[in-house]
Amino acid sequence: MKANNNKQKREKKTLEVMINLYCQENHNQEYVPCAQCQELFDYAQERIKKCILGDKKITCAKCPVHCFKPEYKDKIKKVMRYSGPKMIYKHPLLAIYHLIDSHSKP
Ligand SMILES: [Zn+2]
């Protein structure tokens with residue numbers, strides 16, 4: 001349980017940083033994240049929290065549950081594509097990067 005919590009915390013933080021970076025450089029809002037990005041963050045966070053595979057999850061490509069709604073999946077993919085390469089050297093985000101990116105495969 002403890003390990004799972006830490007992993008989720010890390011994923012949440014990674015998600016937050018990536019969304020903020022994307023928002024900052026693409027939406028030009030006074031406040032980051034903007035309402036739209038905040039909503040996306042909240043949604044993604046909920047999905048991570050409720051992921052039935054928890055610690056056993058490797059990437060969502062191997063996950064039997066496709067838990068992101070298409071609408072949010074598209075948004076989060078854009079964020080990952082944009083922020084992922086910029087963050088790859090700074091944060092241990094490969095897990096979540098693969099997690100989201102692998103959703104694109106049928
Ligand atoms: Zn935004």
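These numbers come from the heavy atoms of this one structure, side chains and all, not from hydrogens, waters or symmetry mates. Read the numbers this way: they start at 1 and go in the same order the structure lists the ligands and their atoms.
- Atoms CD and CD, on Gln36 and Gln29 in that order, are 8.5 Å from each other to the nearest 0.5 Å.
- Protein contacts to the Zn ion (ligand 1) involving N, O or S atoms at a distance below 2.8 Å are Cys23 SG, His27 ND1, Cys34 SG, Cys37 SG.
- With sequence neighbours excluded, the residues satisfying side-chain contact (heavy atoms from CB on, under 4.5 Å) with Glu25 are Leu21, Tyr82, Lys86.
- Applying the salt bridge (charged side-chain N to carboxylate O under 4.0 Å, His left out) test to residues at least two apart or on different chains, the pairs with a partner in residues 29-46 are Glu46-Lys49, Glu46-Lys50.
- Residues Val79 and Leu15 fail the side-chain proximity criterion, which asks for heavy atoms closer than 4.5 Å.
- Partners of Tyr72 according to the ring pair (Phe, Tyr, Trp, His ring centres under 6.0 Å) rule, which considers only residues two or more places apart in sequence or in another chain, are Tyr43.
- Side-chain atoms of Tyr22 and Met18, non-hydrogen and from C-beta on, never get closer than 4.5 Å to each other.
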